[in-house]
S.K.: 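Just dropping this structure here.
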Amino acid sequence: MLARARLTFVPALSAPARADFATAVRKGLFALRKRLPCRYLYDAEGSRLFESICALDEYYLTRTERAILCESSDLVVSRLPRAATLVELGSGSAEKTRLLIEALLRRTHKLRYVPIDISPSALAQSARSLLADYPGLSITAFAAEYGAGLARVHQLHGPKLVLWLGSNVGNFTRAQAARFLRTVRAGMAPLDRLLMGVDLRKSGAILARAYDDPAGVTARFNCNLLARINRELGGAFDLAQFRHRATYDAARGRVRMELVSQCVQRVPIAALGATVAFERDEAIHTEDSFKYSLREMDVLAAAGGFAVEWRGLDANRWFSLNLLAPRAD
Ligand code: AVI
């Protein structure tokens, strides 16, 4: 069957983009402590920059998770019912997903893949490339945020493996992560499984390099949020007047990303009809990335209504892949 005939692309239900972004920017930049929600980091340019981050030597997460998947995809798949649908939350480029797709296709020759991502451009690009490479694959792609995406997942029939890779859980607070897992769990049948990649606690020096790389790719990724305000909301941010900062709080197990104003400045944003004032060294908080110990991972799984059925680790114990089974209520 032609690749096009095997793709169903479901765009976002509402047109959230501009109005929601403007509301979030107004709320965040006029707050006492300035902040912007990290989901707005991923427009087409942000998604492209994030892919470049994933290819950096310093950003060990992607290659380490890939190595664990390489070793264990067949084992993970062997624990699933035969006709399982593969669902992915925050699929991005879906590069690592190929390892599971191939393991599943080794068993069944036909597979349905349901990626969910907020970036329609990343979704369309990855779907095109996967369909070209795997004739046995059909794709139903949802351009949606997690909440709307999960509502769709809950309507799927038959057994499923839900992927939540890349330590995307780390961008939630620990309480939000437990709440989100409970929502995922609510739509799962006893034989369904959740495969979750989670970055582990480690030395601050390794994390500092991963989140503030010498080539400045992460800095550009972070600054793109201000460039996006310029592009979409008529902002007048001078990017040279802001600096990327990533700090690790070992007690909390949290990397915090900020954009720090280099001088006293006022930045008009046309679509808001308003001007934002910055002190020198004043920060905009853009993202948190929480790291887990194995014990914290067990606690999170239990709080989400899951049991850890299997866990894969790399030799350094930097990253974990966790196969979670829904616990009976
Ligand atoms: C998407 N997320 C898991 C990344 C992380 O590591 O928290 C986002 C990122 N931010 C800076 N580098 C990568």
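Just so you know, ligand 1 is whichever comes first in the structure, and atom 1 is the first atom listed for that ligand. Worth knowing before you read on, the calculation uses all heavy atoms, side chains too, and leaves out hydrogens, waters and symmetry mates.
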S.K.: Side chains of Leu69 and Leu195: closer than 4.5 Å at any heavy-atom pair?
M.R.: yes
S.K.: How does the hydrophobic cluster around Val260 look, that is, which other residues are in it when side-chain heavy atoms under 4.5 Å mark a link?
M.R.: none
S.K.: Under 3.5 Å, side chain of Thr85 to main-chain N/O of Lys160, donor-acceptor pair present?
M.R.: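 No, Thr85 side chain to Lys160 backbone: no donor-acceptor pair under 3.5 Å.
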S.K.: Just by distance, no angles: are the side chains of Thr286 and Asn222 close enough, under 3.5 Å, to form a donor-acceptor pair?
M.R.: yes
S.K.: Output all residues satisfying side-chain hydrogen bond (donor to acceptor under 3.5 Å, both in side chains) with Tyr211, sequence neighbours left out; order by chain, then residue number.
M.R.: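 Applying side-chain hydrogen bond (donor to acceptor under 3.5 Å, both in side chains) to Tyr211 gives Ser289, Lys291.
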S.K.: Exactly which residues line ligand 1, taking a heavy atom under 4.0 Å from it as the test?
M.R.: Tyr42, Phe50, Ile53, Tyr59, Gly166, Ser167, Asn168, Asn171, Tyr211, Thr218, Phe221, Met257, Glu287, Ser289
S.K.: With sequence neighbours excluded, give me every side chain to side chain donor-acceptor pair (under 3.5 Å) pair touching residues 1-10.
M.R.: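 Listed once each, the pairs would be none.
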